[in-house]
Amino acid sequence: TGDQYVGTDNILKEAKIIMVSYKFSNSDKITTLKWDGKQDDKKLLKAFSKMVNKADELIAYNGANFDCRWINTRIAKHKLPPLSFHHLNDIMKPIKAKFRLQSYKLDYVARFFGVIGKLPTGGNKLWLQVWRDKNKDALNQMQQYCERDVVVLEQIYNRLCNHLQQTKFKELEDKCCRHCGGEAIVPAGDYRRGQTLFRRFRCLSCHDGAHYAGVARVNKKGLGKMNG
C-alpha cells in the first residue's frame, strides 16, 4: 500500500519511444513512425525531427511536460542534434487557465466538449505484448490508439480555438477570413514564433469580430502569405 518505489537495479530495460503519430492541418492523412525491428527508436526520432523542423506550429496536449521531455531524452541518448520546440502550442495550458473542469485529462475534455473520445489504452498488458512478446497485433492496436489521439486532439483544438484565442495555421490563397471568406479584416497585433514575426487579423464580418481571421508572416517586404 502507499507509494511504490522501484530502484534502478530493478529496471529491466530503458524506456524507449515505440511510436509517434501526427498529421498536418491541411491533410487528413495520419503518419505513424515506429521503432524498428530491433526495437530501436533512433530512425523514428530522425524522421520526427525533420517533421518538427518543417512545421509552422506544433499542437499538443500536455506535450511540454510529457512528450517533449521523453523525445529530448531519447534524442540526447542517441547523440542526435537537439530539437527545438519553440513553436510548440500546448493547448492544455490555456484550457486549464480558461476553463474550470472536473478533470483535465484529454479524454474527459474531449467528451465534455462533445467531440470524439480516446480509445482504451490496453494498459500494461498491451505494452508487454508489444515489447516482450513482439506481438504484431498488439503493435497495431497501439497504433490505432495513437492515431485516435491525433484525431481527438485536432477536434478539441478546432472546437475550442476561438475560446482560447488560438489562430489556426492553414495556408490560404487569398487574404480573407478563414471562417466566412470575407475581406473585412483588420490587424490584431503581432507576435513571434522563434525568429518569424506574424501578424494576426480579426474579421469584422462574422461573430462581431470575435474570431481570428488568420495570420500572415511579416517579412522585410511586408506581409507574406495569409494563414488561417
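Here the structure is a predicted model, which is why all the values come from computation and not from measurement.
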- Query: Got a second to check how far Ile71's CD1 is from Leu83's CG, nearest 0.5 Å?
  - Reply: 7.0 Å
- Task: Would you kindly confirm whether Ile59 and Ile116 end up in one hydrophobic cluster when ILVMFWY residues are joined by side chain heavy atoms under 4.5 Å apart?
- Result: yes
- Message: Less than 4.5 Å apart, side chain to side chain, heavy atoms only: is that true for Lys29 and Lys23?
- Response: no
- Message: To the closest 0.5 Å, what do you measure between CD (Gln129) and CD (Gln141)?
- Response: 7.5 Å
- Any side-chain heavy atom of Glu154 sitting closer than 4.5 Å to one from Val150? no
- Please check if atom CG in Asp36 has more than 12 non-hydrogen atoms from other residues, nucleotides or ligands closer than 6.0 Å. yes
- Smallest heavy-atom separation, Leu88 atom then Ala60 atom, equals CD1-CB, 3.7 Å
- Residues Asn65, Arg69; criterion side-chain contact (heavy atoms from CB on, under 4.5 Å); working and verdict: CA-CA 6 Å; Asn65 186 54; Arg69 294 172 66 193; 3.3 Å; yes
- Keeping the roles fixed (side chain from Arg148, backbone from Gly117), state whether a donor-acceptor pair exists under 3.5 Å. yes
- Query: Are Gln39 and Lys16 close enough that a side-chain donor and a side-chain acceptor fall under 3.5 Å?
  - Reply: no
- Query: Closest approach of Ser103 and Val109, non-hydrogen atoms and distance?
  - Reply: O-CG2, 4.0 Å
- Task: Would you please test Arg74 and Leu80 for side-chain contact (heavy atoms from CB on, under 4.5 Å) and show each step?
- Result: CA-CA 9 Å; Arg74 296 304 299 169; Leu80 296 174; over 6 Å; no
- Query: Would a hydrophobic clustering, with Ile, Leu, Val, Met, Phe, Trp and Tyr connected at side-chain separations under 4.5 Å, put Val152 with Leu119?
  - Reply: no
- Linking I/L/V/M/F/W/Y whenever their side-chain heavy atoms sit closer than 4.5 Å, directly or via other members, would Leu33 and Trp70 fall into one cluster? no
- Message: Counting neighbours of NZ on Lys118 that are heavy atoms of other residues, nucleotides or ligands and sit closer than 6.0 Å, is the number greater than 12?
- Response: yes
- Item | Worked check of side-chain contact (heavy atoms from CB on, under 4.5 Å) between Trp35 and Val130 | CA-CA 11 Å; Trp35 62 9; Val130 171; 4.1 Å; yes
- Query: Would you say the side chain of Met51 lies within less than 4.5 Å of the side chain of Phe24, judging by non-hydrogen atoms?
  - Reply: yes
- Query: What's the spacing between Leu153 CG and Ser21 OG if we round to 0.5 Å?
  - Reply: 12.0 Å
- Mark yes or no for whether Asn135, through its side chain, and Ala138, through its backbone, hold a donor-acceptor pair below 3.5 Å. yes
- If you measure only the distance, is there a donor-acceptor pair under 3.5 Å linking the side chains of Thr32 and Glu147? yes
- Greater than 12 external heavy atoms within 6.0 Å of Lys13's NZ: yes
- Item | Main-chain N/O of Ile17 paired with Asp41 side-chain donor or acceptor, under 3.5 Å | yes
- Query: Any link between Ile95 and Val115 through a network of hydrophobic side chains (Ile, Leu, Val, Met, Phe, Trp, Tyr) touching at under 4.5 Å?
  - Reply: yes
- Message: The test is side-chain contact (heavy atoms from CB on, under 4.5 Å); show your working for Leu128 and Asp133 and say whether it passes.
- Response: CA-CA 7 Å; Leu128 287 172; Asp133 304 335; 5.5 Å; no
- Rounded to the nearest 0.5 Å, how far apart are CZ of Arg100 and NZ of Lys98? 16.0 Å
- Side chain of Asn62, backbone of Phe66: donor and acceptor closer than 3.5 Å? no
- Message: With a 4.5 Å cut-off on side-chain heavy-atom distances among I, L, V, M, F, W and Y, is there a chain of contacts connecting Leu106 to Ile30?
- Response: yes
- Query: Roughly how far, to the nearest 0.5 Å, is the NE2 atom of His78 from the NZ atom of Lys43?
  - Reply: 12.0 Å
- Query: Hey, are the side chains of Thr31 and Val20 touching, using non-hydrogen atoms and a 4.5 Å cut-off?
  - Reply: no
- Counting only heavy atoms not in Phe99, do more than 12 fall under 6.0 Å of its CZ? yes
- With side chains defined as the heavy atoms from C-beta onward, is the minimum distance between Asp149 and Tyr61 less than 4.5 Å? no
- Item | Side chains of Gln155 and Arg159 in contact at under 4.5 Å (non-hydrogen atoms) | no
- Which distance, rounded to the nearest 0.5 Å, do you find between the OH of Tyr145 and the OG1 of Thr121? 5.5 Å
- Message: Any non-hydrogen side-chain atom of Phe113 less than 4.5 Å from a side-chain atom of Leu101?
- Response: yes
- Message: Quick one: does any side-chain atom of Asn140 pair with a main-chain N or O of Lys136 as donor and acceptor, under 3.5 Å?
- Response: yes
- Message: Within the 4.5 Å heavy-atom criterion, are Lys34 and Ile18 side-chain neighbours or not?
- Response: no
- Message: How close do Ile75 and Pro82 get, counting heavy atoms only, and between which atoms?
- Response: CG2-CA, 4.4 Å
